[in-house]
A.B. asks: 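Submitted below is the structure of interest, expressed as structure tokens.
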Amino acid sequence: MTVHAEKPLQPMIPAGQAVLDVRGLTVEYATGAEPVRACTDISFTLRRGEILGVAGESGSGKSTLITALTRLQRPPAVTTGGEILFHGRDGAKPVDLVTLDGRQLRRYRWTALSIVLQSAMDALNPVMRIGAQFADVLRAHDRTLGKRAAWARAEELLALVGISADRVRDYPHQLSGGMRQRAAIALALACRPELVVMDEPTTAVDVVMQRQILAQVLRLRRELGFAVVFVTHDLSLLLELADRIAVMYAGRIVEVGEAAAIYGAPKHPYTQGLRDSFPPLHAPLRDLHGIPGTPPDLRRPPAGCPFHPRCARRTDGCDERLPLLLPVGRDAGHEAACLLNETDGDHGGETR
Amino acid sequence: MTAIAASAAPAAGRRLRIPRRWGFLLRRLGFYLAATWSAITLNFFLPRMMPGDPSAAIVEKLQAVSGQQMSPSAMESVQKVFGNPHANIFRQYVDYLVQLAHFDLGISISNYPTPVTSLLRQGLPWTMLLVGVTTVIAFVLGTGIGAMAGWKAGSRFDAIVSPLTTFVSAVPYFWMALVGLWFFAFQLDWFPLSGGYDADLSIGFSPSFVLSVLHYGALPAATIVFSAFGGWLLGMRNMTVTTVREDYVLLAQAKGLSGRRVMLRYAARNAVLPNFTGFTLALGHVVGGALLTEVVFNYPGIGYLLYTSLQQRDYPVMQGVFFLITLTVLLANLLADSVYVLLDPRIREGG
């Protein structure tokens, strides 16, 4: 019995160079006596025009990762280690976003890296017209742009996501939920960023709108060539959208690889559990299983593999040794952090 | 509602929008007319529920001065001026409305025979100037500092300013005004003890008179600002603290806008809404709200007029002052409603 895992859309995998190199990123919350590690040693590379999906349960460190990547974190969250190397379009030397101060960072904001937040209702300023919220960022990054030209550009951007030009003078509350979310995506593309971070942008809309938005993201990515970090708890949704998927658990990446490999042949028991918790969108229905237990308390992470207390396949040593993220399977770039793979070699993966 | 109309037929949607906004204002206007009418009517009945009547008061006064019984003809002429208490109540009410329509508020008893309207006209500029200006200053100052404290909540600035303001706000106004008067006017002799201007100068726009007005007004103004700005500051600070956590402020930062712009256009602009409602309402209390100030400083405004008329049981003046206060409160409410519609687009459709 194999899971039908052929991707409905086969996006061109850009062979291009990296746009973002994250190395050993560690984020802590400095509360109480002991700081809590919400992200530990996160490393990944994002290529130009690639969509990387980040999946995980609530409390897995997804949101912390987003605010760390975009340098939007607020105290008590502190980036305590690692680097976020951003490679500019012009082939200039990569910059480490972690080391930039607020002033230097402003040059990269929105022109290099933009963000789409979870709830567009809350993300748009309720007392400013939609057009004005486009115009202020356009003009902040292009001082030569006139007010009229900025509003005209806002109309073009709204047209990109299928919103008619006369809506530019509307206030956020006058748009429907789906429109608002699409407007927020158009806003993220205003300054032609190379990387857009999306924080569950489709959780607040219905499934029909969700599919429309995903299709639009894919189309816009094809046209404009930006890379995406797409964070969600819904693994099956990432299968539709992402080129590669990283699965997070307890603040660590436990498995990363091509979307098809992650879905078809997951090498980490947690990924398997996560996959079996969602009905597939394009495959015959199979039995759904939840993952028993709850994510660990990050103030007192379990010894060894953080997943071992919930893992059905734990063996000796799982509670002692922290598994490393190592290459697994046949596909290049497929890595998992599980002792099963270290001992079984090729035998890991599908055993249901 | 608008969204559907506009997407179905954009042109029609736009045409519809204007009457809707006017409809909102018309409805509010109707409400205010009704409120004004009830206030006027209440103002008519309240004094009539009190024991005695204006003519009796003046008769009493005249008898006390002359020590003689009043003649019936004199009684009749007094009642002609102040109204006959035994006339038909409906008749009295109609007469009262007709008088009001002509801005005739009757004649003062204590300052006989000065019309109440000219007493009000004398006092109103002083009150408007003193309390109006200080209300605006207190609002601007408090809101500005509050926004800064809330923007950097927990910073040293916030940690010093906010508790200090809480303490200052807790001091009763009359006590602070008296201490200020005692210290700055009596002990240090920096400011005059009472009055609104130097009585030796003739009233007008001469430089020396304007200077004396500023000199006399500085201390009462300072006490009002000092006691009022804390409320604005704390309100604005707390609203800013919650607004700063909103996603749209986070997004504005992600957009790479300048810190100033994020703070003003995104955080403070949204946080100021409740404070602004309070401000327009406070404008309504400008006329009636400075009673204590004017009494403590013997300031020649409406509050002092009300105080003296209360002492001398000058009903027509009291009625006039109440009428004026009612009108200004209603006007300020109307202003609050209209300006809020401009400030917060979400209100426009709701009605």
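All chains are named by letter (A, B, ...) in the order of the sequence lines, taking the proteins before the strands, and each is independently numbered beginning at 1. What's counted below: heavy atoms across the whole structure, side chains too, no hydrogens, waters or symmetry copies. All figures in this text were calculated on a predicted structure; none of them were measured in a lab.
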A.B. asks: Examine whether an atom of A/L105 lies under 4.5 Å from a heavy atom of chain B, and if so say whether it belongs to the side chain, the backbone or both; otherwise answer neither.
C.D. replies: neither

A.B. asks: Side chain, backbone, both or neither: which part of B/L343 has a heavy atom under 4.5 Å from chain A?
C.D. replies: backbone

A.B. asks: Between B/F226 and B/F229, how do the two ring planes meet: parallel, tilted or perpendicular, split at 30° and 60°?
C.D. replies: tilted

A.B. asks: Angle between ring planes, B/F279 versus B/F139, binned at 30° and 60°: parallel, tilted or perpendicular?
C.D. replies: parallel

A.B. asks: Of the listed residues (A/P75, A/P126, A/A190, A/S164), which shares the most heavy-atom pairs with chain B below a 4.5 Å separation?
C.D. replies: A/P126

A.B. asks: Taking A/R103 first and then A/D101, would you say they form a salt bridge - that is, a charged N and a carboxylate O separated by under 4.0 Å?
C.D. replies: no

A.B. asks: Name the option with the most non-hydrogen atom pairs under 4.5 Å to chain B; the candidates are A/Q133, A/R74, A/H141, A/R139.
C.D. replies: A/R74

A.B. asks: Side chains of B/T143 and B/N275: is there a donor and an acceptor less than 3.5 Å apart?
C.D. replies: yes

A.B. asks: Between the side chains of B/T243 and B/Y266, is a donor N or O closer than 3.5 angstrom to an acceptor N or O?
C.D. replies: no

A.B. asks: Between B/R265 and chain A, with a heavy-atom cut-off of 4.5 Å, which part of the residue counts as in contact: side chain, backbone, both or neither?
C.D. replies: both

